[in-house]
**Student:** 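The structure that follows is given in the form of structure tokens.
Whatever order the structure lists them in is the order used to number ligands and atoms, beginning at 1.
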Amino acid sequence: MDKLWGGRFELPPHALMEQLGASVSFDARLAPWDIRASIAHARMLGACCIICEQDANAIIDGLQAIGEEIAAGNVEWRPALEDVHANIEALLIARVGDAGKKLHTARSRNDQIATDMRLWTRDQVDAIIEHLAVLQRVIIQVAEAHLDVALPGYTHLQPAQPVLLAHHFLAYFEMFQRDKERFREARRRINVMPLGAAALAGTPHPIDRDMTARELGFDAVSDNSMDAVSDRDYLIEFCSASSLVMMHLSRWSEELILWNSSAFGFIEIGDAFTTGSSIMPQKKNPDAAELVRGKTGRVYADLTALLVMMKGLPLTYNRDLQEDKEPVFHASDTVQLCLAVFAEMLGVIQVNTARMKQALEQGFMAATDLADYLVGKGIPFREAHHIVGEIVRHCIAHNTTLEALTLQELRRFCEAVDENVFQALSVETMLARRNQHGSVAPDRVREALCAAREKAN
Ligand code: ARG
């Protein structure tokens, strides 16, 4: 048997039409979800006496057997049948005969694909949330193992003020926490069942949508059949949340690449996630981080592809919608791979605390605290800011650092300075004094780590 629905046509499709329309090369991966949804549909058709119980059982057994054959790699997909749905239906009819021809009662490929995609996306969302939680747990481990390590914090990529490495890492933890929340919120909207919308207007058969929804784990059934077969918002949300994860990973990649450079020397990324150069024997390149950064643009492209695909579509189903799959699959695969890579890569990063300490001594990072110190001596902040600016200029001219100035030298700029200034400008004091909730003081960071352990579950 060739076409499942050729009655209307005198001529077969042009070979190019087949090539253009076939989606089974990429939608075959939906087979397990398609079979699951078809089994639930067949069971409901039987329970509602729309088909007889015998036929329902033959369909269910047949679909289960086909699922096993597909999993074992024993099925040859036929592009002439267009998509995964028609391929599985043809396999079913070939296996169980006339009963198989009744499976498609009271449904259309329009509500079928909408249901499959929601089931598939729901599973990917769960997997991504777990990937994010794993990465968060690695972040906590690395932060805990380096609790006393300080380094410069940057604004404008210029050394600004000292921070704790743990605080820096926990900044990414927060980003991934919001990413998890975004996926959880998207999941609520994903988990609504379109099945029963049929082609667009519903079906005259006395189906029980709630029964099918329960069996498939949907929280609700869709409220409008025309919306149900044509809505792809949830895929746009999925790609949007994925894009934000990639944006976060890409920012961190950029930073790890900088830190790994010989100019910074803050970290060394382990051999397992670096590669050599074909010509320069000395090289060890941070390719994993670079590839994550590079792939980010392609996930943004997936989001853009969906937005553009949707923008001109009238209700209801249009074949353009078949083009949703490749971008969504790509975004999902990429984000999961990159999250897994990051969780492993962070585990093999060597932190060079000596280089971080050295950097702390170089960037005039105590300048703000020196100004605050002068404020403590009764000098208005604007004036204090100016005095410290002059001191910094003096240091630059004499190729020295704030910390290296003697009390006498400091007093030449401002009489109010006394010997406790050195204590005020130590890294420990600067960190400890930033003691508000959310700030970098070691006590606050320890608290943040406790809270993070809760959130990472
Ligand atoms: N392969 C199709 C898709 O992905 C399934 C739905 C086909 N529906 C139709 N009316 N041609 O969108």
**Student:** Using a 6.0 Å cut-off, check whether atom CZ of Arg434 has over 12 heavy atoms from anything other than its own residue.
**Tutor:** yes

**Student:** Can you list the ligand 1 atoms lying under 4.0 Å from a non-hydrogen atom of Ser23?
**Tutor:** 1 (N)

**Student:** Counting only heavy atoms not in Gln64, do more than 12 fall under 6.0 Å of its CD?
**Tutor:** yes

**Student:** Looking only at protein heavy atoms, which one is nearest to atom 8 (N) of ligand 1, and what is the separation?
**Tutor:** Asn110 OD1, 2.9 Å

**Student:** Considering only non-hydrogen protein atoms, determine which one is nearest to atom 3 (C) of ligand 1 and report residue, atom name and distance to 0.1 Å.
**Tutor:** Tyr317 OH, 3.2 Å

**Student:** Who's the nearest protein heavy-atom neighbour of atom 2 (C) of ligand 1, and how far?
**Tutor:** Gln322 OE1, 3.3 Å

**Student:** From Leu339 CG over to Leu249 CG, what is the distance, rounded to the nearest 0.5 angstrom?
**Tutor:** 5.0 Å

**Student:** Identify, by atom number and element, the atoms of ligand 1 in contact range of Asp83, meaning under 4.0 Å from any of its heavy atoms.
**Tutor:** 1 (N), 2 (C), 5 (C)

**Student:** Given the side-chain rings of Phe169 and Trp252, with only the six-membered ring counted for Trp, is the space between their centroids under 6.0 Å?
**Tutor:** yes

**Student:** With respect to Arg109, which candidate in His104, Glu82, His85 satisfies the side chain to side chain donor-acceptor pair (under 3.5 Å) definition?
**Tutor:** Glu82

**Student:** Could you find the nearest protein heavy atom to atom 11 (N) of ligand 1 and give me its residue, atom name and distance?
**Tutor:** Arg109 NH2, 3.3 Å

**Student:** Is it the case that Arg122 places NZ or CZ above or below the six-membered ring of Tyr234, under 6.0 angstrom from the centre and within 45 degrees of the axis?
**Tutor:** no

**Student:** Would you mind listing which atoms of ligand 1 come within a distance below 4.0 Å of any non-hydrogen atom of Lys325?
**Tutor:** 3 (C), 4 (O), 12 (O)

